[in-house]
Number of protein chains: 2
Amino acid sequence: MAPTAKQSFERTRLQDVARSAGVSLATVDRVVNRRSGVREKTIRRVEEAMDQLGYRLDPMARRLARNQNFRFLFILPTGTNSFMMQLREQVERTAEWATSQRGFIDMIEVDVFDAEALAQTLDQLDEAYHGVATVALDHPRVRVAIDDLTQRGIPVITLVSDVPYSRRLHYVGVDNPAAGRTAASLMGRFLARQDGTIGLLVGSLSLRDHAERHFGFNQVLAHDYAHLKMLPVVEGRDDYELSKALVTEMVENNPDLIGLYSAGAGNRGIAQALTESGKAGQVVWIGHELTPHTRRFLFQGTMDAVINQDSGHEVRSAARLLLAHCWGEPVLEDQERIRIDIFIKDNIP
Amino acid sequence: MAPTAKQSFERTRLQDVARSAGVSLATVDRVVNRRSGVREKTIRRVEEAMDQLGYRLDPMARRLARNQNFRFLFILPTGTNSFMMQLREQVERTAEWATSQRGFIDMIEVDVFDAEALAQTLDQLDEAYHGVATVALDHPRVRVAIDDLTQRGIPVITLVSDVPYSRRLHYVGVDNPAAGRTAASLMGRFLARQDGTIGLLVGSLSLRDHAERHFGFNQVLAHDYAHLKMLPVVEGRDDYELSKALVTEMVENNPDLIGLYSAGAGNRGIAQALTESGKAGQVVWIGHELTPHTRRFLFQGTMDAVINQDSGHEVRSAARLLLAHCWGEPVLEDQERIRIDIFIKDNIP
DNA sequence: GTGAAAGCGCTAACAA
DNA sequence: TTGTTAGCGCTTTCAC
């Protein structure tokens, strides 16, 4: 059925190509790495030999021989909301793995709401870094800082929150308008044949991801479920206490509240507000990010669905992209696509 | 803010440990790889030096020096249903990647419904293979074959469909009872405040994954949505034509059909049956696996939700696990967990 | 028990 | 423009 080991295992090496093309190792290396200083004619001869023998460069050997190391900085928001804490933990885990790939990851925290602080951090980046991954803030000052870094040859990856139109190497995160639409569709379907009012809570509309989720949610609800009335959006600043107060007020002022979408953090406050007002399990509540808290709320039936982005996947993806970029290696695009996960109580991992 | 490159980049090498412990490279190597022939005393001396210097073995160099190659066989079901075709395509893509990791993947097809055929394939496995990944059939004959291979030192990974109680190295696939429960919860919620009958279609109840999904679906529907009447399950053998016929009949005989759960393949047939009977978009239809077809049905509104397992992730995961096992390297467990994806029209990737 | 030395497949500095 | 050679960090034979 299958050939024996010896037969099919012989990878062709640079050496084989060199011999077959009648040139030296160094010359083949030059051709493979598209370095200058080789005659057109020789190049062709080598290339012929290469695809005749089906040559594939061995990335392991290449990395070893290059003997390079890379340093990356991950910039995450300060604050204690569960999702960001998860993200930080994932960075730590990933750092360990990256070490074995000759990648050294440092992490610092900045205030996400402060464009100036983030921009300065980027501007003053230690030149020892070979790349940056940052939970970004979409602000002109930040965009310029990203572009400058990119200009200087330091790739920037935006993580979780994007800065479109900047020259970042890659955005690693979900499609937030789509995430908002997803929440709206679920809300609409869960509320089939019911009339009433829907509440909307975000962290801050000046955060691009929250604004986009809000936008997507609105779009679908207004279009497909026009019979549901939407309250004006309120901003909880991803804060536990404030969110609680806002939701409590919302419930009191709107006896016909049947749905609540929270596009940001502060879920613990929301749960308390709903529970204390006796609305837990009555109001359809959809929020974001699977954390120990939201997990519990789902199980309890307080929360009906969680729209999630996999923080582990995101951080690993950012690290892989940065490493691949620095090593000049290809990327498996569809391994890096971040999914919009939907979790209900039955498919929690 | 950050130290310069030189400073923090010096990884400690085997050489450093050797010097510090006052022994040779070979001896440290023996200790690191737990090989025999080193005095207890020397071992301790080396180990001390190791964790004093914080030594971490370089997997790149290790792989290169070992100069080994591994061959793996992926066994997939014959047949043309979209999911299995996707799976085969992913194997091809992954094979390319694996080559760069010194892993050579072959693929063959066997009839999933034929336990004997699968068992024989396993029994007669070419000894050149270092590992197997198979879409398995949970049957005693197959279980024994898996255990025998494992006994012979050839690791087996069950893919998509598991054989519990066998000695397989790992199961790469979703929790199928949970997938069924997920489908049921969505069904129940989408049908809020409606009464009627739910149809159930599987490929075959002798396929473990289908049976488990059926089980999970039943469980939740009977418990949480007892007002909905469930029809007896029918088997479509994952066949387009047969599934179409069965659903057509189901619709005709049950004017009050309001929901349909298909735990197997054959979705194209179901879509046709629903469309031709004018029930498309009326009946809440939930099925499995995101394919070009189900994707279209979601967009059209014919299908309401798809429960998915990421075939790309599954195949890559199987390959990574096999490679890590052969190289004796650790695994990032939570990178290998296969999620139960829920897709509705808004979060399709 | 332990050590010296020759690779693994590639890169990079230096020669020619 | 091309070739020679000395590594990269580890494993593996073979000698002591």
Side-chain angles (χ1 to χ4, degrees), chain A residues 6 9-47 49-50 53-70 99-103 326-329, chain B residues 5-6 9-47 49-50 53-70 99-104 326-329:
Chain A
K6 287 284 166 190
F9 273 176
E10 300 300 333
R11 274 178 69 117
T12 51
R13 299 149 306 158
L14 219 49
Q15 193 58 261
D16 304 321
V17 179
R19 193 158 1 93
S20 156
V23 294
S24 81
L25 215 53
T27 301
V28 185
D29 177 76
R30 283 178 190 115
V31 175
V32 169
N33 294 289
R34 294 193 166 68
R35 280 189 266 268
S36 60
V38 189
R39 252 196 328 222
E40 261 304 320
K41 211 168 148 184
T42 320
I43 296 187
R44 262 197 302 283
R45 202 139 47 90
V46 172
E47 279 175 341
M50 271 177 28
L53 298 180
Y55 174 73
R56 316 282 279 135
L57 193 138
D58 182 333
M60 247 117 77
R62 178 216 197 35
R63 284 188 182 194
L64 189 62
R66 294 234 276 215
N67 194 27
Q68 286 190 73
N69 290 294
F70 300 104
T99 302
S100 73
Q101 306 296 306
R102 298 282 180 48
C326 288
W327 286 112
E329 286 168 7
Chain B
K6 287 284 166 191
F9 274 176
E10 299 301 332
R11 275 178 69 116
T12 52
R13 301 149 306 157
L14 220 48
Q15 193 58 261
D16 304 320
V17 179
R19 194 157 1 91
S20 157
V23 294
S24 80
L25 256 182
T27 299
V28 185
D29 177 75
R30 285 181 189 112
V31 175
V32 169
N33 292 290
R34 295 193 165 65
R35 279 189 267 269
S36 62
V38 188
R39 256 197 323 226
E40 262 304 320
K41 212 169 148 185
T42 320
I43 295 188
R44 262 197 302 285
R45 202 139 47 89
V46 172
E47 279 176 342
M50 270 175 31
L53 298 180
Y55 175 71
R56 314 283 278 136
L57 193 139
D58 182 334
M60 246 117 77
R62 178 213 194 43
R63 285 188 180 195
L64 189 61
R66 294 236 275 217
N67 195 25
Q68 289 189 68
N69 289 295
F70 300 104
T99 301
S100 74
Q101 307 296 307
R102 294 282 204 338
F104 299 85
C326 288
W327 285 111
E329 287 168 6

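These values consider heavy atoms only, across backbone and side chains, with no hydrogens, waters or symmetry-generated copies. To find a chain, count down the sequence lines: A is the first, B the second, and so on, and within it residues start at 1.
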Review point. Taking atom C1' of C/dG1 as reference, at what distance in whole Å does atom CD of B/Glu40 sit?
Key: 13 Å
Review point. Residues in side-chain contact (heavy atoms from CB on, under 4.5 Å) with B/Arg44, at least two apart?
Key: B/Glu40
Exercise for review: Rounded to the nearest angstrom, tell me the gap between atom CG in B/Leu53 and atom P in D/dG9.
Suggested key: 15 Å
**Study point:** Angle by which the axis turns from one end of the helix from C/dG1-D/dC16 to C/dA16-D/dT1 to the other, five pairs per end, to 10 degrees
**Key:** 40°
Check your understanding: Does A/Thr27 place a side-chain N or O at less than 4.0 Å from the phosphate oxygens OP1/OP2 of D/dT1?
Key -> no
Exercise for review: With sequence neighbours left out, write down each residue that passes side-chain contact (heavy atoms from CB on, under 4.5 Å) with B/Ala49, or none if nothing qualifies.
Suggested key: B/Val17, B/Ser20, B/Ala21
Exercise for review: Could you say whether B/Val23 or B/Leu64 is positioned toward the 5' end of DNA chain C, judged by the nucleotide with the nearest heavy atom to each?
Suggested key: B/Val23
Practice item. Let me know the distance between CD of A/Gln101 and C1' of D/dG9, rounded to the nearest Å. Key: 15 Å
**Study point:** Test side chain to side chain donor-acceptor pair (under 3.5 Å) applied to B/Arg39 - qualifying residues, sequence neighbours left out
**Key:** none
Practice item. Would you mind reading off the distance between A/Arg19 atom CZ and D/dG3 atom P, rounded to a whole angstrom? Key: 14 Å
Exercise for review: Would you please name every residue forming a side chain to side chain donor-acceptor pair (under 3.5 Å) with A/Arg45, sequence neighbours left out?
Suggested key: none
Point to revise | Those residues that, when tested against A/Asn33, pass side-chain contact (heavy atoms from CB on, under 4.5 Å) (two or more places apart) | key: A/Asp29, A/Arg35, A/Arg62
Check your understanding: When you check the phosphate oxygens OP1 and OP2 of C/dG9, does a side-chain N or O of B/Asn67 lie under 4.0 Å from one of them?
Key -> yes
**Study point:** Partners passing side chain to side chain donor-acceptor pair (under 3.5 Å) against B/Arg56 (at least two apart in sequence or in another chain)
**Key:** none
Check your understanding: Got a sec, which residues hit side chain to side chain donor-acceptor pair (under 3.5 Å) with B/Arg63, two or more places apart in sequence or on another chain?
Key -> B/Gln101, B/Glu329
Review point. Just how far, in rounded Å, is P of C/dC10 from CE of A/Met50?
Key: 11 Å
Practice item. May I ask you to evaluate whether B/Thr42 reaches the phosphate of C/dT2, defined as a side-chain N or O under 4.0 Å from OP1 or OP2? Key: yes
Review point. Tell me, for nucleotides 11-16 of chain C in 5' to 3' order, what letter each nucleotide earns: B for a base near a protein heavy atom under 4.0 Å, S for only sugar-phosphate near one, - for neither?
Key: SS----
Check your understanding: Would A/Arg11 and A/Asp16 pass as an ion pair if we require N to O under 4.0 Å?
Key -> no
